[in-house]
Amino acid sequence: MSNNPYNSPAPVYHSNATGYAPKPISLGPLEIVWPLVEARKWLKFLGWMNIILGGIYCLTIIGIIFGWVPIWIGISLKGAGDKLEVAMHSQDSAAAHYACRDLRTVFTIVGVLAIISLVLTALYFLGLIAFFVFALVAANNI
């Protein structure tokens, strides 16, 4: 037993194709990202869905302004899924690293969009409050 406090005390289990009698397996260099490797199909699915959604947005002139964002997210998600598949088959930790970088890109885009939406929401409510204050002042001056 090693002195590393981050090592799991129990062996890692992975179920077989039937779902019965899980057996311990050695995951090698991909042990830390194994949950992502298992979710690679969902990453690809979400990537394709975002690409399709962005393409639908781009069918309108105004949609082109916003349509590139889901396309970018979709390409990053699909790329992460593809790289995790390569990492799984070749046990290549570099491919897993690049997949995690693609996921970092997705989280960065979503985080920036969340900040922008919070700022726009705050400005919207400030505008509403200003409108009602001016309306009350104008009503009292009549």
Give the table of side-chain donor-acceptor pairs shorter than 3.5 Å for residues 120-127, with sequence neighbours excluded, one pair per line with atom names and distance.
unit_1	atom_1	unit_2	atom_2	d
T121	OG1	S117	O	2.7

Contacts table for residues 51-69: side-chain donor-acceptor under 3.5 angstrom, sequence neighbours left out:
unit_1	atom_1	unit_2	atom_2	d
T60	OG1	Y57	O	3.3
T60	OG1	G63	N	2.9
W68	NE1	I65	O	2.8

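The cluster map of Ile, Leu, Val, Met, Phe, Trp and Tyr, joined by side-chain heavy atoms under 4.5 Å apart, puts L36 and I75 in different clusters. Residues I71 and L46 do not share a hydrophobic cluster, clusters being chains of Ile/Leu/Val/Met/Phe/Trp/Tyr side chains in contact below 4.5 Å. One hydrophobic cluster holds both F45 and L43 under the rule that ILVMFWY side chains link at heavy-atom gaps under 4.5 Å.
Qualifying salt bridge (Lys or Arg N to Asp or Glu O under 4.0 Å) partners for K44, counting only residues two or more places apart in sequence or in other chains: D82, E85. Residues forming a side-chain contact (heavy atoms from CB on, under 4.5 Å) with S93 (at least two apart in sequence, or on another chain): P29.
Taking each heavy atom of L84 and A96 in turn, the nearest pair found is CD2-CA, 4.5 Å. Heavy-atom minimum distance, L103 versus L77: CD2-CD2, 4.0 Å. Residues V106 and S76 share a closest heavy-atom pair of CG2-CB, 3.5 Å.
Residue pairs satisfying the ring-ring contact (aromatic ring centres under 6.0 Å, His included) criterion with at least one member in residues 83-116, sequence neighbours excluded, are absent. For residues 102-113, every residue pair satisfying the salt bridge (Lys or Arg N to Asp or Glu O under 4.0 Å) rule, not counting sequence neighbours, is listed here: K83-D102.
Of the inter-residue distances, the one linking L113 atom CG with T108 atom OG1 reads 11.0 Å to the nearest 0.5 angstrom.
Two residues are said to be in side-chain contact when any heavy atoms from C-beta on lie closer than 4.5 Å; I73 and T105 fail this criterion.
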